[in-house]
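One structure is given below, encoded as structure tokens.
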Amino acid sequence: MFKKLFGGKTKSKETLVTAPMTGKILPLEQVPDPVFSQKMMGDGFAIEPTDGQVVSPVAGEIVQLFHTKHAVGLKTEAGTEVLIHIGLETVAMEGEGFEAHIQAGDKVEVGTPLITFDLPLVTEKAKSIITPVVITNSDAADSFEIVASGDVQKGQTQCAKVTMK
């Protein structure tokens, strides 16, 4: 009876963003790249990874996988858009050392393997291994809050809470 009265299940506007990598969480302001540290692409956090595995931080859909496999974009049912950008200036590696396990259009759950990468190779060739995790449509959010500190575990540690308008 209530479902008919209120139009069925209401879509949650809140997204919990879980760690996509194991490592140390950092404020976005500490990313050594102004595009990220000045939040030009949106609010978020960063992780300094200790291994080369990236898992989905949210349940949703893969909306973009860069051809160089260094970055992936996801969208949740609540409308939250999450970009994971592995390292800095990794696009110049042209995909070397990166392997994608998903493609655009795939539906994923928290913890679904997305990308594996050669951490020593990225450490050697990229400007930094620090990986920004950005809410690219944070201008459409009511609130963004980092809820973790220190070491985080991929697919397990809740790192941030986003509430969409």
Side-chain angles (χ1 to χ4, degrees), residues 13-58 60-76 78-100 102 104 108 114-155 157-165:
K13 293 182 181 229
E14 186 175 278
T15 301
L16 293 172
V17 183
T18 304
M21 310 168 100
T22 295
K24 182 180 177 193
I25 191 169
L26 303 167
L28 213 49
E29 292 86 353
Q30 288 185 18
V31 175
D33 183 318
V35 170
F36 295 109
S37 65
Q38 295 175 19
K39 302 181 182 179
M40 292 178 199
M41 295 184 73
D43 212 338
F45 58 91
I47 294 180
E48 189 167 359
T50 55
D51 72 26
Q53 295 181 311
V54 182
V55 301
S56 182
V58 294
E61 181 179 345
I62 304 296
V63 291
Q64 185 174 23
L65 173 65
F66 289 74
H67 74 280
T68 51
K69 303 175 189 74
H70 76 286
V72 60
L74 303 100
K75 187 172 187 175
T76 70
T80 307
E81 297 172 2
V82 182
L83 171 72
I84 304 165
H85 190 287
I86 303 164
L88 299 176
E89 297 183 14
T90 43
V91 69
M93 293 176 67
E94 297 180 349
E96 181 189 1
F98 294 87
E99 183 182 353
I102 41 75
V108 294
L114 301 180
I115 298 170
T116 49
F117 64 97
D118 184 334
L119 184 58
L121 186 68
V122 174
T123 302
E124 175 192 330
K125 293 197 167 194
K127 178 181 175 186
S128 173
I129 60 169
I130 292 173
T131 297
V133 180
V134 179
I135 309 305
T136 55
N137 64 341
S138 57
D139 56 341
D142 265 341
S143 66
F144 173 82
E145 177 187 6
I146 294 176
V147 295
S149 62
D151 292 335
V152 295
Q153 294 294 316
K154 67 179 171 283
T157 310
Q158 289 183 348
C159 291
K161 185 165 56 175
V162 184
T163 305
M164 300 307 286
K165 291 180 183 165

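Predicted model only: the values in this text are computed from it and were never measured. Position 1 is the first residue of the sequence, and the numbers go up from there.
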Atom NZ of K13 and atom OG of S143: how far apart are they, to the nearest 0.5 Å? 12.0 Å
Dump the intermediate steps for side-chain contact (heavy atoms from CB on, under 4.5 Å) on T90 and T68, then the final yes or no. CA-CA 9 Å; T90 43; T68 51; over 6 Å; no
Nearest heavy-atom pair of G44 and L28: which atoms, and what distance? N-CD2, 3.4 Å
Hey, are the side chains of H85 and V134 touching, using non-hydrogen atoms and a 4.5 Å cut-off? no
Hey, what do you get for CD (Q64) to CD (E61), rounding to the nearest 0.5 Å? 12.5 Å
Close side-chain approach of M21 and F117, heavy atoms under 4.5 Å: yes
Atom of L65, atom of I102 and distance for their closest heavy-atom approach: CD2-O, 3.4 Å
Close side-chain approach of P57 to L74, heavy-atom, < 4.5 Å: yes
Under a 4.5 Å cut-off applied to non-hydrogen side-chain atoms, are M41 and L83 in contact? yes
How close do K165 and A141 get, counting heavy atoms only, and between which atoms? CE-O, 3.6 Å
When rounded to the nearest 0.5 Å, the distance separating CG of D151 from OG1 of T50 is 7.5 Å
Presence of salt bridge, E89 and K125, under 4.0 angstrom: no
Any side-chain heavy-atom pair of Q53 and K154 under 4.5 Å: yes
If every non-hydrogen atom of A19 is compared with every non-hydrogen atom of Q153, which pair is closest and at what distance? CB-O, 3.5 Å
Could you tell me the separation between the CD1 atom of I146 and the CG atom of D43, rounded to the nearest 0.5 Å? 7.0 Å
Might you point out which heavy atoms bring T18 and G155 nearest each other, and give the distance in Å? CG2-C, 3.4 Å
Any side-chain heavy-atom pair from S138 and V162 closer than 4.5 angstrom? no
Quick one: OG1 on T131 to CG on L26, what's the gap to the nearest 0.5 Å? 10.0 Å
Does atom NZ (K127) have a neighbourhood of more than 12 heavy atoms from anything else shown, all under 6.0 Å? yes
Are there more than 12 heavy atoms of other residues, nucleotides or ligands under 6.0 Å from atom CD of E29? yes
Result of checking I47, V133, I115 against V54 for side chain to side chain contact (heavy atoms under 4.5 Å, CB included): I115
Any side-chain heavy atom of N137 sitting closer than 4.5 Å to one from K75? no
Does L114 reach the side chain of I62, with side-chain heavy atoms less than 4.5 Å apart? yes
Could you pull out the closest heavy-atom pair between A148 and V152, with the gap in Å? CB-CG1, 4.1 Å
Pick one: which of T76, I135, V147 meets side chain to side chain contact (heavy atoms under 4.5 Å, CB included) with V17? I135
